[in-house]
Every structure is written in structure tokens, then in C-alpha cells.
Amino acid sequence: MTDVRATGRVALVTGGSRGIGLATALRLQRDGYRVAVTWRTEPPQDLKGPDGTEPIRAVRCDVTSAEDIENLFAEVEGELGSVEVLVCCAGITADTLLLRMTDERWQAVIDTNLTATFRTAKRALSKMIRARHGRIVLVSSVVALLGSPGQTNYAASKAALIGFARSLTRELGARDITVNVVAPGLVATDMIAALGSDQVSALESRVPLGRAAAPGEVAAAIAFLASDEASYVTGAVISVDGGLGMGH
Ligand code: NAP
């Protein structure tokens, strides 16, 4: 991986207070980026990082609020500089079968997983276009392409991210801005802990690698897409799912 320490590029990770987002922020910090994360309910701890690295900035932001997103960018740009790497990782589930799906459950998932990504990417792009450089990585899911019972809202929001990313790729290619999607399978975070151990074991048994991923294994793919080594990768959907989706 390229050592970006000398350039001190700025990376922003939404949903970086826990799980995959926090693992990604810590990985980018280790790689030498100046990193900011968002938190909504509780600020993350231990963001100092190894010796010689700059602490991660944690900014309060509910990504469903357009005002919070504007304040977030004002703060990050003021303290660290323009965002060159944007990782949209904030996400929620609100599972239930379609016949029981209320408008509120549907809308909450679409607002957090999809509309917030539109707003965040749009805000980051204004500076990336001027700089003629940028990296955007969206966190989707294996269920975007496989489907999953009880997750029509979640799967729809995650599938929409792929169409969004590919359209943006076509808009921005000439400006050296790449837009890619990472599609994790089962990852050991609070999100799957909520399912209970029986359901997690049943899901793990369907994964060819036979286990859930550690958050750092997804962070590694995101760090690659953010790096100079990925300069010719755009519009891609990178599965990090232990073989669960078999390339889908
Ligand atoms: P997680 O541990 O539940 O963390 C979710 C993160 O999103 C938290 O940082 C949370 O912030 C943040 N978030 C949620 N709603 C937000 C809002 N309105 N404003 C700001 N932040 C908000 O989940 P995870 O497993 O790391 O998931 C991260 C991403 O990966 C999600 O997009 C998820 O859909 C995707 N994914 C996860 C899995 C998996 O198996 N875990 C699989 C495929 C895809 P707070 O701490 O403040 O609530």
C-alpha cells in the first residue's frame, strides 16, 4: 500500500463510531491519512492511534440531517482540509416482512442508507472536482444482489447504492474521481449481534469460508480502493463476503 504519510490526505468516514466504519477509520489512520469520523449516539474512544499518527477527529452528525452534513464538512474542512477520501458507511436495518413494513421503517432505512449517501457524496464532490482528484467508497451489502427475506427496505437501499455509484462513475471519470462499492457479507459487528447467536450460526453455515468477517477485513478492501494503487478501479462492486454471494 502506498505510504500517504507525506501528503497527509484527508479521509472522512461516516458511521465511523463503531463496527466497519471504525475499523476503516483506524486502518486509514494507520496508513497515514488525517481521518475524521461521524458519531451520532456516542463518540468513539481511543482514537489516538499508534505513535506518530494523528488522532482521529470525531464529529457529531446525524447523516439524515442535511444541516448536520453541512456542519460536518465545515468542521472537517476547517480543521483538516478538503476531503479527498469519502467512505459512506453509516447504515441501519429495520427488518420485517413486507406486509408488516410501515412507511416509517421503510423511510428510515432509505433516509440513512441512501439519501444520506447522496447528500454526503454531493457535498464532498464540490471540492474533489476542483482538486481533480477524489475517492468515494460506498458500503453496500451482499443482500443488494441476493435479496434477503425481511429486508426489502435494506436490500433496496443497498442495491440503489450500486446504481448511484455507477452513474456517478460515468459523470466523474474524466476528473480522476473514482467511485466504488464494497459489498460485505456477514461481518461481526453490533449489527449482526442484534440477530442473536442461532441466526448468526445459521448464516455462517452458508458462508463458504464458514465464519463472519472481522471488521478489519472489510476495512482492508476499503483502504485499497482509497489508495493510489486503485487508480484504475472505478464503478466496481468488490465483494468481501467469504464467498457468500459468489461474485454477485
Ligand atoms: P454498526 O456496528 O451497527 O454501526 C453502524 C454505524 O452507522 C454506527 O457508527 C452508527 O452510529 C452509524 N449510523 C447509523 N445511523 C446513523 C445516522 N443517522 N447518522 C450517523 N451515523 C449513523 O454496523 P456495521 O455492521 O459496522 O455496518 C456498517 C455498514 O456496513 C452499514 O452500512 C451496514 O449496512 C453495512 N453492512 C454491514 C454488514 C454486517 O454484517 N455487519 C454486512 C453488510 C453491510 P451510532 O453509533 O452513532 O449509532
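For clarity, every value in this text was computed on a predicted model and none was experimentally measured. If you read the sequence from its start, that first residue is 1, and numbering goes on from there. We count ligands from 1, going down the list as the structure has it; atoms in each ligand are counted the same way.
- Both the backbone and the side chain of T41 come within contact range of ligand 1, each with a heavy atom under 4.0 Å.
- The backbone and the side chain of V187 each have at least one atom closer than 4.0 Å to an atom of ligand 1 (non-hydrogen atoms only).
- Among all non-hydrogen protein atoms, the one lying nearest atom 48 (O) of ligand 1 is R40 NH2, 2.8 Å.
- Applying the 4.0 Å criterion to heavy atoms of L186 picks out, from ligand 1, the atoms 40 (O).
- Closest to atom 11 (O) of ligand 1 among all protein heavy atoms lies S17 OG, 3.4 Å.
- A salt bridge is defined here as a Lys NZ or Arg NE, NH1 or NH2 lying under 4.0 Å from an Asp or Glu carboxylate O, and E84 with R135 fails to meet this definition.
- Counting heavy atoms from C-beta outward, L12 and V87 have side chains that stay 4.5 Å or more apart.
- Taking every heavy atom of Y154 and a limit of under 4.0 angstrom, the matching atoms of ligand 1 come to 33 (C), 34 (O), 35 (C), 36 (N), 43 (C), 44 (C).
- Under the 3.5 Å distance criterion, the side-chain polar atoms of E42 are left unmatched by any main-chain donor or acceptor of R40.
- Shown in contact with I92 at under 4.0 Å from a heavy atom are these atoms of ligand 1, numbered in order with element: 14 (C), 15 (N).
- Taking a cutoff of 4.0 Å between a charged side-chain nitrogen and a carboxylate oxygen, E54 and K48 do not qualify as a salt bridge.
- Under a 4.0 Å criterion applied to the non-hydrogen atoms of M191, ligand 1 contributes the atoms 3 (O), 23 (O), 25 (O), 33 (C), 34 (O), 37 (C), 41 (N).
- Taking any N or O of K158, backbone or side chain, at least one lies under 3.5 Å from an N or O belonging to ligand 1.
- Nearest residue to atom 5 (C) of ligand 1 from A90, A25, G91 is G91 (criterion: closest heavy atom).
- Looking at T189 against ligand 1, only its side chain comes within 4.0 Å, counting heavy atoms.
- A donor-acceptor pair under 3.5 Å links the side-chain atoms of N180 to the main chain of A236, judged by distance alone.
- No side-chain donor-acceptor contact under 3.5 Å links T38 to the backbone of R60.
- Nearest protein neighbour of atom 26 (O) of ligand 1, counting heavy atoms only, is I20 N, 2.8 Å.
- Residue contacts with ligand 1 for D62 involve both N, CA, C or O and side-chain atoms from C-beta outward (heavy atoms, distance under 4.0 Å).
- For the residue pair D111 and Q107, a side-chain donor N or O sits within less than 3.5 Å of a side-chain acceptor on the partner.
- Annotation: atom 46 (O) of ligand 1 to nearest protein heavy atom, R18 NE, 2.7 Å.
- Side-chain atoms of V35 and R57, non-hydrogen and from C-beta on, never get closer than 4.5 Å to each other.
- Here R211 does not pair with E204 in a salt bridge; the nearest charged N to carboxylate O distance is not below 4.0 Å.
- Given atom 19 (N) of ligand 1, the protein heavy atom at minimum distance is V63 N, 2.9 Å.
- Looking at P215 against ligand 1, nothing comes within 4.0 Å, counting heavy atoms.
- Nearest to atom 20 (C) of ligand 1 by heavy-atom distance, out of C61, G15, A183, A188, is C61.
- Taking every heavy atom of G19 and a limit of under 4.0 angstrom, the matching atoms of ligand 1 come to 2 (O), 26 (O).
- Using a 4.0 Å heavy-atom cutoff, S140 is listed among the residues neighbouring ligand 1.
- C89 O, 3.1 Å is the protein heavy atom nearest to atom 29 (C) of ligand 1.
- Contact atoms of ligand 1 toward V139: 29 (C), 30 (O), 35 (C) (distance under 4.0 Å to a heavy atom of the residue).
- In terms of heavy atoms, S140 sits closest to P184 at O-CD, 3.3 Å.
- Contact of the C88 side chain with the V139 side chain is not registered, since no non-hydrogen atoms from C-beta on lie closer than 4.5 Å.
- Nearest residue to atom 42 (C) of ligand 1 from P184, A194, G185 is G185 (criterion: closest heavy atom).
- T93 places no side-chain N or O within 3.5 Å of a backbone atom of D95 that could act as its donor or acceptor partner.
- For R119 and D68, the salt-bridge test fails: no basic side-chain N is under 4.0 Å from an acidic carboxylate O.
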